[in-house]
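The structure appears right after this line, and notes come after that.
Just so it is clear, the values below take in all heavy atoms, side chains as well, and ignore hydrogens, waters and symmetry mates.
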Amino acid sequence: MEGRTPSMTNPSSPARFYLTTPIYYVNARPHLGHAYSTIVCDAIARRKRALGIETWFLTGTDEHGQKIERSAKLAGRTPQEFAAAISGQFRSLWDQLGLTYDDFIRTTEERHKRGVQHLFATLRERGFIYKGSYTGQYCVFDELYVDGPPGTPCPDCGRITETVSEENYFFKLSAFERKLLKFYEANPSFMGPESTRREVISFVRGGLKDLSVSRTSFSWGIPVPGDEKHVIYVWLDALANYITALGYGSGDAADQARFAKFWPADMHLIGKEISRFHCVYWPAFLIAAGIDPPRSVHANGWLLFDQGKMSKSRGNIVRAETVHTVLGSDALRYFLLREIPFGQDGNFSFDALVQRYNGDLANGYGNLVSRVVNMVHKYFGGVVPEAGAETRMETALHESAQRTLAEFVPQFDNLNFSDALKTLWSLVAETDGYLTANAPWKRPENRSEIEHAEHQARVLATAAEAIRIITALVYPVLPDAAAKVWRQLGQGEIADAARQSFLAHLEWGGLKPGTIFEAPAPLFPRAEKDAIERMVAMEEQNSQSVIEAAGSVAVAEPTEPKVPRSAEPAPAQEPKKKAERKPMEETEPTPAPESASTSASAPAAVGASVASQPATASPAAAPEAQPASPQVITIDDFAKVELRVAQVLVAERIPKADKLLRLEVDLGYERRQILAGIAQYYEPEKLIGRKIVIVANLAPRKMRGLESNGMLLAASLPPDGAPVLAGFLEDVPLGARLK
């Protein structure tokens with residue numbers, strides 16, 4: 001299939017809408033951050049379809065690359081087995097949450113391989129790919145080439161990059177600097193939010209270098225057509241999913257028709273950490289191939305847990321299944337869209353979730369629906385009465401509903417979900433206030449029974465109509481609850497209404513007299529005090545299961561294991577550009593103070609956090625010296641500490657730091673930098689190649705301007721606490737966990 005000449009203007013077609021999630025990397029099972037992006041896309045897709053717009057919603061998994069190859073080896077699986085197991089977990093979770101994706105693509109599928117090879121061949125034929133060689137730094141975790149000397153940390157994840165030297169094919173990215181800047185200027189809505197736009201434009205203006213688009217140092221990927229010793233760079237491979245899923249590269253007529261119909265994509269929804277790939281590399285690849293770029297790329301912020309970035313490697317993740325089991329998927333959807341302004345980082349906590357659930361859903365919308373439906377059944381036998389002429393109060397509620405429609409629509413369609421729901425819940429509160437002020441359940445002494453019946457009819461019919469408007473608007477966010485309310489209001493199945501484009505002609509007055517309500521049913525039972533405890537316990541149990549089943553692809557996350565939920569979450573490891581995060585005090589570690597409990601056989605962690613240990617009390621502070629005794633811990637306490645086997649690749653002294661060595665260690669699935677206070681006891685060159693034990697889930701720490709990600713395990717020898725590194729007599733694989 002030939003590409004099309006890009007228009008560079010991308011006029012939008014109202015007849016169809018194509019949106020995508022990022023395709024999720026299968027290095028570990030899905031967590032709440034993945035669910036957030038996919039739920040946002042699902043809400044958009046539901047609204048577009050209910051407006052009568054033919055919508056195609058794509059999601060999927062990214063399954064190639066060196067990191068997957070290493071992770072699979074560590075787990076004792078083939079890369080295909082490893083990828084299939086994790087990909088299945090993503091798809092299963094999306095189905096459990098009721099997400100309405102139209103296609104789920106895996107980059108190991110034949111249709112994707114065929115399309116990627118076609119794209120690579122097209123770029124080569126058009127003169128944008130050439131063969132060369134590369135020596136430099138590479139981050140395996142982010143599959144990212146990084147400028148800088150050996151030891152340079154990745155600008156995205158902070159991990160120490162690896163030095164690679166290999167023959168590569170290169171894409172002439174340098175030829176697209178002016179073209180991309182011109183494209184951004186002509187399409188100001190291409191990138192969002194504004195912070196992403198500024199960052200990307202600054203990056204491009206700083207100059208673009210040609211990009212390596214193949215690797216020869218591993219084999220888990222799509223072979224370069226005609227030169228199979230090369231595999232195609234994982235980002236060229238992964239980004240192409242957006243067109244291969246539509247049939248790009250296929251000779252089939254139906255595939256060609258689908259591609260012509262839906263491309264260019266109306267919206268790529270991504271995490272902000274991959275903006276450069278989607279806003280620089282991707283449009284450059286497409287323009288070079290003669291294909292229109294997507295119409296927009298929108299980046300959501302990070303999901304934080306108790307103010308720390310939710311990340312598998314930090315162990316502070318929350319599973320969507322936990323919230324779904326305890327409170328339901330609608331509660332999760334509402335919290336994420338209402339609590340987090342799209343494009344900004346948002347904090348998740350179980351406390352905030354339950355508070356929002358009880359306040360807005362149980363006591364708010366759910367209680368309002370219950371009151372009105374119950375009273376229609378009680379006073380009118382479940383049949384909507386004739387409202388009669390409006391009074392001033394009905395007119396006010398009617399006008400409020402009209403204003404809500406006028407404000408909600410642009411807010412939601414501009415991805416301002418939080419404000420849209422805030423606007424809608426103002427109508428919920430106003431309707432509830434209208435109901436309370438008119439008190440249809442109470443007849444004043446000066447009102448006759450006939451007058452009171454008319455009053456009841458007017459108030460309940462008006463309140464029910466407001467609920468109908470609210471329910472229609474909230475349907476993309478609360479699909480399950482909206483379906484229940486729609487049936488209770490006698491409107492049938494909301495899914496049928498959505499297929500009839502009911503949101504395209506939503507207006508006041510749609511609830512007709514004589515409509516028969518269904519029996520009332522509970523929507524959001526109030527969450528009791530134990531809800532938080534149950535969710536915390538479920539996360540702890542899941543973390544323990546992961547620990548006990550390490551090595552099993554179905555539940556383990558060998559590349560980035562979890563920490564039990566009871567542990568305090570580690571601070572987020574941010575790239576240097578995140579200046580708002582205050583680094584820990586830079587200081588050189590000092591040996592731990594000797595105590596009566598320290599012996600030659602007692603293991604001691606040597607590294608970044610030694611200096612952070614609390615100072616020992618002065619002998620004068622205690623009235624009487626007491627013999628020290630070891631502190632007893634439980635198995636749960638021990639399970640929080642993740643000990644893994646690593647091999648020293650680089651060891652060197654740090655200038656002006658007599659006690660510190662800078663080490664680069666290989667864990668089998670990733671490479672890390674660790675600063676250790678052992679320079680007085682070990683010569684750096686004698687450490688290279690040695691297998692050691694490290695604490696792998698320790699919070700990162702900065703010293704001497706360098707970041708340390710872990711600690712070495714050693715025995716502390718009397719009388720001066722000299723460290724002796726722990727090691728092995730047997731051959732132990734890298735990354736193996738000590739239990």
Is there side-chain contact between Leu415 and Ile44, with heavy atoms separated by less than 4.5 Å?
yes
Residue Lys131 excluded, over 12 heavy atoms near NZ under 6.0 Å
yes
Hey, does the side chain of Asp210 reach the backbone of Ser174 with a donor-acceptor pair shorter than 3.5 angstrom?
yes
How far does SG of Cys41 sit from NE2 of His298, to the nearest 0.5 angstrom?
10.5 Å
Could you state the interatomic distance from CD1 (Ile23) to CG (Leu58), rounded to the nearest 0.5 Å?
8.0 Å
Tell me the closest heavy-atom pair linking Ser296 and Ser189, and the distance in Å.
CB-O, 3.8 Å
Look at the side chain of Glu642 and the backbone N and O of Asn697, then say whether any donor-acceptor pair between them is shorter than 3.5 Å.
no
When you compare the side chain of Thr100 with that of Arg46, does any pair of heavy atoms fall below 4.5 Å?
yes
So Glu54 and Lys261, salt bridge (charged side-chain N to carboxylate O under 4.0 Å, His left out) or not? Walk me through it.
CA-CA 10 Å; Glu54 186 177 3; Lys261 180 177 185 178; 2.6 Å; yes
Candidate pair Lys172 and Tyr130, rule side chain to side chain contact (heavy atoms under 4.5 Å, CB included), full reasoning
CA-CA 8 Å; Lys172 294 181 180 179; Tyr130 63 92; 3.8 Å; yes
Whether Glu63 side chain and Ala84 backbone form a donor-acceptor pair below 3.5 Å:
no
Using a strict 4.0 Å threshold on nitrogen-to-oxygen distance, state whether Arg672 and Glu664 make a salt bridge.
no
Counting C-beta onward and ignoring hydrogens, is there a side-chain heavy-atom pair between Leu32 and Phe348 closer than 4.5 Å?
yes
For residues Tyr24 and Thr38, is any side-chain donor paired with an opposing acceptor at under 3.5 Å?
yes
Do you know the tightest heavy-atom contact between Leu208 and Phe176?
CD1-C, 4.3 Å
Would you call the rings of Phe285 and Phe171 parallel, tilted or perpendicular, taking 30° and 60° as the class edges?
perpendicular
Kindly compute the distance separating CZ (Arg159) from SG (Cys139), expressed to the nearest 0.5 Å.
7.0 Å
Using a 6.0 Å distance limit plus a 45 degree cone around the ring axis, check whether Arg276 lies over the aromatic ring of Phe203.
yes
Does a side-chain N-to-carboxylate-O contact under 4.0 Å join Asp42 and Arg333?
yes
Using distance alone, with no hydrogens and no angle criterion, decide if Gln80 and Thr78 have a side-chain donor and acceptor under 3.5 Å apart.
no
For Thr161 and Thr152, indicate whether the former's side chain and the latter's backbone hold a donor-acceptor pair under 3.5 Å.
yes
Would you say the side chains of Asp102 and Tyr18 form a donor-acceptor pair under 3.5 Å?
no
His112 side chain to Asp237 main-chain N or O, any donor-acceptor pair under 3.5 Å?
yes
May I ask you to establish whether Arg215 and Tyr138 are in a cation-pi arrangement, using a distance under 6.0 Å from NZ or CZ to the six-membered ring centre and at most 45° from the ring axis?
yes
Could you walk me through whether Lys272 and Asp345 pass the salt bridge (charged side-chain N to carboxylate O under 4.0 Å, His left out) test, one step at a time?
CA-CA 10 Å; Lys272 66 179 181 181; Asp345 293 348; 2.9 Å; yes
Shortest non-hydrogen contact between Thr244 and Val116, atoms and distance
CG2-N, 3.9 Å
Check Phe82, Trp235, Trp220 against His64 for a ring pair (Phe, Tyr, Trp, His ring centres under 6.0 Å) and give me the one that passes.
Trp220
Can you list the steps and then say if Asn168 with Val213 is a side chain to side chain contact (heavy atoms under 4.5 Å, CB included)?
CA-CA 7 Å; Asn168 299 92; Val213 289; over 6 Å; no
Could you tell me if Gln256 and Ser250 have a donor-acceptor pair between their side chains, going purely by distance under 3.5 Å?
no
For residues His278 and Tyr242, establish whether the separation of their ring centroids is below 6.0 Å.
yes
Below 4.5 Å, heavy atoms only, C-beta onward: do Leu649 and Leu663 meet side chain to side chain?
no
For Phe342 and Val40, the nearest pair of non-hydrogen atoms, with its separation, is CE1-CG1, 4.0 Å
Among Asp266, Leu19, Leu246, which residue satisfies the side chain to side chain contact (heavy atoms under 4.5 Å, CB included) criterion with Trp56?
Leu246
Please assess Arg111 against Asp103 for the test salt bridge (charged side-chain N to carboxylate O under 4.0 Å, His left out), listing each intermediate value before the final yes or no.
CA-CA 13 Å; Arg111 58 170 174 162; Asp103 194 2; 2.9 Å; yes
Minimum side-chain heavy-atom gap Ser214-Phe170 below 4.5 Å
no
For Tyr184, all residues meeting side-chain hydrogen bond (donor to acceptor under 3.5 Å, both in side chains), sequence neighbours excluded:
none
Salt bridge or not for Arg70 and Glu162, using N-O below 4.0 Å?
yes
Heavy atoms of Pro22 and Thr59 approach each other most closely as O-OG1, 4.3 Å
Which of parallel (below 30°), tilted (30 to 60°) and perpendicular (above 60°) describes Phe90 and Trp94?
perpendicular
Are side-chain heavy atoms of Glu321 and Leu93 found at a separation under 4.5 Å?
yes
Taking side chain as C-beta onward, heavy atoms only, is Asp292 less than 4.5 Å from Trp263?
yes
Test Leu173 against Lys209 for side chain to side chain contact (heavy atoms under 4.5 Å, CB included), laying out the working first.
CA-CA 6 Å; Leu173 185 64; Lys209 297 181 180 180; over 6 Å; no
Is the side chain of His34 donor-acceptor paired with the backbone N or O of His31 at a distance under 3.5 Å, no angle test?
yes
Whether Glu109 side chain and Arg106 backbone form a donor-acceptor pair below 3.5 Å
yes
Of all heavy-atom pairs between Glu167 and Thr216, which one has the smallest distance, and what is that distance?
O-CG2, 3.6 Å
With heavy-atom distances below 4.5 Å as the criterion, would you say the side chains of Val224 and Val231 are in contact?
no
Tell me whether Arg16 contacts the main-chain N or O of Phe262 through its side chain, where contact means a donor paired with an acceptor under 3.5 Å.
yes
Is it the case that the side chain of Arg126 and the backbone of Ala288 share a donor-acceptor pair, with hydrogens and angles ignored and the cut-off at 3.5 Å?
yes
Please identify which of these residues, Tyr169, Tyr233, Phe128, meets the ring pair (Phe, Tyr, Trp, His ring centres under 6.0 Å) condition with Phe120.
Tyr169
Indicate yes or no for a side-chain donor-acceptor contact from Gln117 to the backbone of Pro223 under 3.5 Å, with no hydrogens or angles considered.
yes
When you look at CD of Glu185, are more than 12 heavy atoms from neighbouring residues, nucleotides or ligands closer to it than 6.0 Å?
no
Taking atom CG of Leu698 and atom OG of Ser708, what is their separation to the nearest 0.5 Å?
7.5 Å
Stepwise side-chain hydrogen bond (donor to acceptor under 3.5 Å, both in side chains) test for Gln137 and Thr163
CA-CA 5 Å; Gln137 300 310 114; Thr163 300; 2.8 Å; yes
